[in-house]
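One structure below.
The first residue of the sequence shown is numbered 1, and numbering continues consecutively from there.
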Amino acid sequence: MKMASRLSMMLCLAGTLMVLTGCTDAEPGKGGTIPPAWDEPGTPRIGGVDGNGSDQWQGSSSDIPGAWGAGAGEGALDARTGVRRLEVPGFPKTLYFGYDTDRVNASEYGKINEAAAFIKANPNLVLVIEGHCDERGTEEYNRALGERRAIAVENVVRQNGVDLANVRTVSYGEDKPAVVGSGESAWSQNRRGVLWVGKAN
(Lines give C-alpha, C1' and ligand atoms only; values in the text may rest on other atoms or scores of the structure.)
Protein backbone atom coordinates (compact mmCIF):
# COMPACT_ATOMS: atom_id res chain seq x y z
CA MET A 1 0.00 0.00 0.00
CA LYS A 2 2.79 2.39 0.95
CA MET A 3 4.62 1.42 -2.26
CA ALA A 4 1.57 2.28 -4.39
CA SER A 5 1.18 5.58 -2.56
CA ARG A 6 4.83 6.49 -3.15
CA LEU A 7 4.61 5.50 -6.81
CA SER A 8 1.48 7.62 -7.22
CA MET A 9 3.20 10.59 -5.58
CA MET A 10 6.28 10.21 -7.81
CA LEU A 11 4.13 10.09 -10.95
CA CYS A 12 2.26 13.18 -9.77
CA LEU A 13 5.53 15.04 -9.19
CA ALA A 14 6.88 13.97 -12.60
CA GLY A 15 3.70 15.20 -14.28
CA THR A 16 3.89 18.55 -12.48
CA LEU A 17 7.55 18.93 -13.47
CA MET A 18 6.70 18.26 -17.13
CA VAL A 19 3.96 20.89 -17.07
CA LEU A 20 6.23 23.47 -15.44
CA THR A 21 9.17 22.91 -17.79
CA GLY A 22 7.07 22.50 -20.91
CA CYS A 23 7.49 20.04 -23.72
CA THR A 24 9.48 20.55 -26.89
CA ASP A 25 7.45 20.82 -30.08
CA ALA A 26 8.96 19.15 -33.15
CA GLU A 27 7.77 22.00 -35.35
CA PRO A 28 10.38 24.75 -35.73
CA GLY A 29 9.78 27.98 -33.92
CA LYS A 30 7.10 26.66 -31.59
CA GLY A 31 9.52 26.50 -28.66
CA GLY A 32 9.94 30.27 -28.72
CA THR A 33 13.68 30.13 -29.39
CA ILE A 34 15.00 32.25 -32.24
CA PRO A 35 18.18 30.76 -33.71
CA PRO A 36 21.19 33.10 -33.82
CA ALA A 37 21.75 34.99 -37.03
CA TRP A 38 25.13 34.43 -38.64
CA ASP A 39 26.01 38.10 -38.27
CA GLU A 40 25.71 38.11 -34.49
CA PRO A 41 28.99 38.63 -32.61
CA GLY A 42 30.99 35.44 -32.33
CA THR A 43 29.19 33.57 -35.12
CA PRO A 44 30.92 32.93 -38.46
CA ARG A 45 29.42 34.36 -41.64
CA ILE A 46 31.37 32.17 -44.05
CA GLY A 47 30.57 28.51 -44.46
CA GLY A 48 29.32 25.87 -46.87
CA VAL A 49 30.87 23.60 -49.44
CA ASP A 50 31.71 24.46 -53.02
CA GLY A 51 29.44 22.97 -55.64
CA ASN A 52 27.91 23.50 -59.03
CA GLY A 53 24.28 23.78 -59.92
CA SER A 54 21.78 24.47 -62.63
CA ASP A 55 21.58 27.83 -64.31
CA GLN A 56 19.22 30.73 -64.07
CA TRP A 57 15.53 31.42 -63.49
CA GLN A 58 13.43 29.82 -66.24
CA GLY A 59 10.09 31.56 -65.75
CA SER A 60 8.65 34.79 -67.06
CA SER A 61 8.29 37.98 -65.02
CA SER A 62 4.69 37.01 -64.22
CA ASP A 63 6.04 33.84 -62.56
CA ILE A 64 8.33 35.72 -60.16
CA PRO A 65 7.86 34.26 -56.67
CA GLY A 66 5.74 36.48 -54.48
CA ALA A 67 5.05 38.83 -57.43
CA TRP A 68 6.90 41.47 -55.35
CA GLY A 69 3.75 43.48 -54.79
CA ALA A 70 2.00 46.06 -56.94
CA GLY A 71 4.27 48.43 -58.82
CA ALA A 72 7.43 46.48 -58.01
CA GLY A 73 8.66 46.18 -61.59
CA GLU A 74 11.58 48.00 -63.15
CA GLY A 75 12.36 51.28 -61.46
CA ALA A 76 10.39 50.48 -58.29
CA LEU A 77 12.19 51.42 -55.08
CA ASP A 78 12.41 48.65 -52.51
CA ALA A 79 11.85 50.44 -49.20
CA ARG A 80 13.48 47.69 -47.10
CA THR A 81 16.84 47.85 -48.94
CA GLY A 82 16.87 51.29 -50.57
CA VAL A 83 17.54 49.67 -53.95
CA ARG A 84 15.70 50.57 -57.16
CA ARG A 85 14.85 47.37 -59.06
CA LEU A 86 16.16 46.85 -62.59
CA GLU A 87 15.01 44.33 -65.19
CA VAL A 88 18.19 42.39 -65.97
CA PRO A 89 18.34 39.27 -68.16
CA GLY A 90 18.83 36.17 -66.03
CA PHE A 91 17.34 37.78 -62.91
CA PRO A 92 15.66 37.17 -60.59
CA LYS A 93 17.33 33.92 -59.62
CA THR A 94 15.51 31.67 -57.17
CA LEU A 95 17.22 29.00 -55.12
CA TYR A 96 15.68 26.57 -52.69
CA PHE A 97 16.48 25.42 -49.16
CA GLY A 98 15.73 22.26 -47.23
CA TYR A 99 13.31 22.12 -44.34
CA ASP A 100 14.28 24.28 -41.35
CA THR A 101 17.84 24.94 -42.54
CA ASP A 102 19.97 27.80 -43.86
CA ARG A 103 22.47 25.46 -45.53
CA VAL A 104 22.92 26.23 -49.23
CA ASN A 105 22.43 23.09 -51.33
CA ALA A 106 25.29 22.26 -53.69
CA SER A 107 22.79 22.28 -56.56
CA GLU A 108 22.16 26.01 -56.00
CA TYR A 109 25.77 27.24 -56.15
CA GLY A 110 25.68 27.74 -59.92
CA LYS A 111 22.96 30.37 -59.63
CA ILE A 112 24.82 32.21 -56.88
CA ASN A 113 28.11 32.08 -58.77
CA GLU A 114 26.43 33.57 -61.87
CA ALA A 115 24.94 36.38 -59.80
CA ALA A 116 28.32 37.07 -58.18
CA ALA A 117 30.07 37.18 -61.57
CA PHE A 118 27.46 39.61 -62.88
CA ILE A 119 27.85 41.99 -59.93
CA LYS A 120 31.64 41.85 -60.15
CA ALA A 121 31.36 42.84 -63.84
CA ASN A 122 28.84 45.59 -62.99
CA PRO A 123 30.09 47.21 -59.77
CA ASN A 124 27.70 50.15 -60.22
CA LEU A 125 24.80 47.79 -59.43
CA VAL A 126 23.61 46.10 -56.23
CA LEU A 127 22.65 42.47 -55.66
CA VAL A 128 19.68 42.06 -53.32
CA ILE A 129 19.30 38.70 -51.58
CA GLU A 130 15.88 37.95 -50.09
CA GLY A 131 15.38 35.13 -47.57
CA HIS A 132 11.99 33.41 -47.42
CA CYS A 133 10.40 30.58 -45.39
CA ASP A 134 7.35 28.37 -45.49
CA GLU A 135 4.43 28.96 -43.15
CA ARG A 136 5.49 26.56 -40.38
CA GLY A 137 6.95 28.03 -37.21
CA THR A 138 6.36 31.38 -35.56
CA GLU A 139 6.69 34.66 -37.41
CA GLU A 140 9.76 35.60 -35.35
CA TYR A 141 11.48 32.28 -35.95
CA ASN A 142 10.85 32.48 -39.69
CA ARG A 143 12.08 36.06 -39.88
CA ALA A 144 15.36 34.95 -38.23
CA LEU A 145 15.61 31.86 -40.46
CA GLY A 146 14.98 33.97 -43.58
CA GLU A 147 17.79 36.31 -42.53
CA ARG A 148 20.15 33.39 -41.98
CA ARG A 149 19.29 32.04 -45.42
CA ALA A 150 20.00 35.40 -47.04
CA ILE A 151 23.31 35.67 -45.18
CA ALA A 152 24.27 32.11 -46.16
CA VAL A 153 23.86 33.14 -49.82
CA GLU A 154 25.77 36.36 -49.13
CA ASN A 155 28.64 34.26 -47.77
CA VAL A 156 28.92 32.39 -51.08
CA VAL A 157 28.77 35.69 -52.99
CA ARG A 158 31.57 37.04 -50.81
CA GLN A 159 33.65 33.89 -51.41
CA ASN A 160 33.40 34.81 -55.09
CA GLY A 161 35.19 38.10 -54.38
CA VAL A 162 32.19 40.45 -54.45
CA ASP A 163 32.50 43.63 -52.37
CA LEU A 164 29.73 43.50 -49.75
CA ALA A 165 29.08 47.18 -50.44
CA ASN A 166 27.34 45.83 -53.56
CA VAL A 167 25.12 43.40 -51.65
CA ARG A 168 21.96 43.86 -49.55
CA THR A 169 20.19 41.14 -47.58
CA VAL A 170 16.61 41.18 -46.39
CA SER A 171 14.35 38.62 -44.73
CA TYR A 172 10.65 38.33 -45.43
CA GLY A 173 10.19 35.20 -43.31
CA GLU A 174 6.85 33.67 -44.25
CA ASP A 175 5.31 36.99 -45.39
CA LYS A 176 5.75 36.57 -49.17
CA PRO A 177 4.98 33.00 -50.16
CA ALA A 178 5.67 32.01 -53.76
CA VAL A 179 2.80 29.53 -53.51
CA VAL A 180 -0.20 29.92 -51.21
CA GLY A 181 -1.26 26.75 -49.46
CA SER A 182 -0.12 24.01 -47.12
CA GLY A 183 1.66 20.77 -47.82
CA GLU A 184 5.13 19.93 -49.07
CA SER A 185 4.43 20.94 -52.68
CA ALA A 186 3.82 24.53 -51.52
CA TRP A 187 6.32 24.56 -48.66
CA SER A 188 9.22 23.39 -50.85
CA GLN A 189 8.68 26.37 -53.18
CA ASN A 190 8.44 28.86 -50.31
CA ARG A 191 11.73 27.84 -48.63
CA ARG A 192 13.84 29.99 -50.93
CA GLY A 193 16.25 32.78 -51.58
CA VAL A 194 15.56 35.30 -54.34
CA LEU A 195 18.37 37.27 -55.97
CA TRP A 196 17.63 40.42 -57.98
CA VAL A 197 19.60 43.41 -59.22
CA GLY A 198 19.10 47.14 -58.83
CA LYS A 199 20.69 50.51 -58.21
CA ALA A 200 21.26 51.93 -54.76
CA ASN A 201 19.08 54.98 -54.28
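- Under the 4.5 Å side-chain heavy-atom criterion for grouping Ile, Leu, Val, Met, Phe, Trp and Tyr, V167 is connected to L125 within one hydrophobic cluster.
- Among residue pairs with one or both ends in residues 144-167, none qualify as ring pair (Phe, Tyr, Trp, His ring centres under 6.0 Å); sequence neighbours excluded.
- Looking only at side-chain heavy atoms (C-beta outward), W196 and V83 come within less than 4.5 Å of each other.
- Of the residues listed (K176, R149, R191), the one engaging C133 in a side-chain contact (heavy atoms from CB on, under 4.5 Å) is R149, and it is the only one.
- The minimum heavy-atom distance linking A150 with G131 is given by the pair CB-N, 4.0 Å.
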*asked:* For Y141 and D100: C-alpha separation, side-chain torsions, deciding distance, then whether side chain to side chain donor-acceptor pair (under 3.5 Å) applies.
replied: CA-CA 10 Å; Y141 182 92; D100 195 28; 2.4 Å; yes
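- When every heavy atom of A116 is checked against every heavy atom of N160, the shortest pair comes out as CB-CB, 3.6 Å.
- We find the CD-OG1 distance between E130 and T169 to be 11.0 Å, quoted to the nearest 0.5 Å.
- Between E147 and V170, the shortest heavy-atom distance links the atoms OE1-C, 4.2 Å.
- Residues I151 and R148 fail the side-chain proximity criterion, which asks for heavy atoms closer than 4.5 Å.
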*Evaluate the side-chain contact (heavy atoms from CB on, under 4.5 Å) criterion for residues L195 and L127: first the C-alpha distance (whole Å), next the side-chain angles of each, then the deciding distance (0.1 Å), finally the verdict.*
CA-CA 7 Å; L195 286 68; L127 177 67; 4.0 Å; yes
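- Counting all heavy atoms, side chain and backbone alike, G181 lies closest to A186 at O-CB, 3.6 Å.
- Legend: residues meeting salt bridge (charged side-chain N to carboxylate O under 4.0 Å, His left out) with R143, ordered by chain and number and at least two apart, are E139, D175.
- When the side chains of ILVMFWY residues are joined at heavy-atom separations under 4.5 Å, either directly or via intervening members, W187 and L95 end up in two distinct hydrophobic clusters.
- Side-chain contact between V197 and V126 is absent, with no heavy atoms from C-beta onward closer than 4.5 Å.
- With rounding to the nearest 0.5 angstrom, the CG atom of N124 is 5.0 Å from the NZ atom of K199.
- Under the 4.5 Å side-chain contact rule for hydrophobic residues, V162 and L164 share a cluster.
- The CD atom of E108 lies 9.5 Å from the OG1 atom of T94; values are rounded to the nearest 0.5 Å.
- No hydrogens or angles considered: nothing links the side chains of N190 and Y96 as a donor-acceptor pair under 3.5 Å.
- With respect to R80 and D78, no salt bridge is recorded, no charged nitrogen being found less than 4.0 Å from a carboxylate O.
- Side-chain contact check for Y172 versus N142: every heavy-atom pair is 4.5 Å or farther apart.
- Figure legend: R85 and F91 shown without cation-pi pairing, the cationic atom not lying both under 6.0 angstrom from the six-membered ring centre and within 45 degrees of its axis.
- Note: S171 OG to L145 CG = 8.0 Å, rounded to the nearest 0.5 Å.
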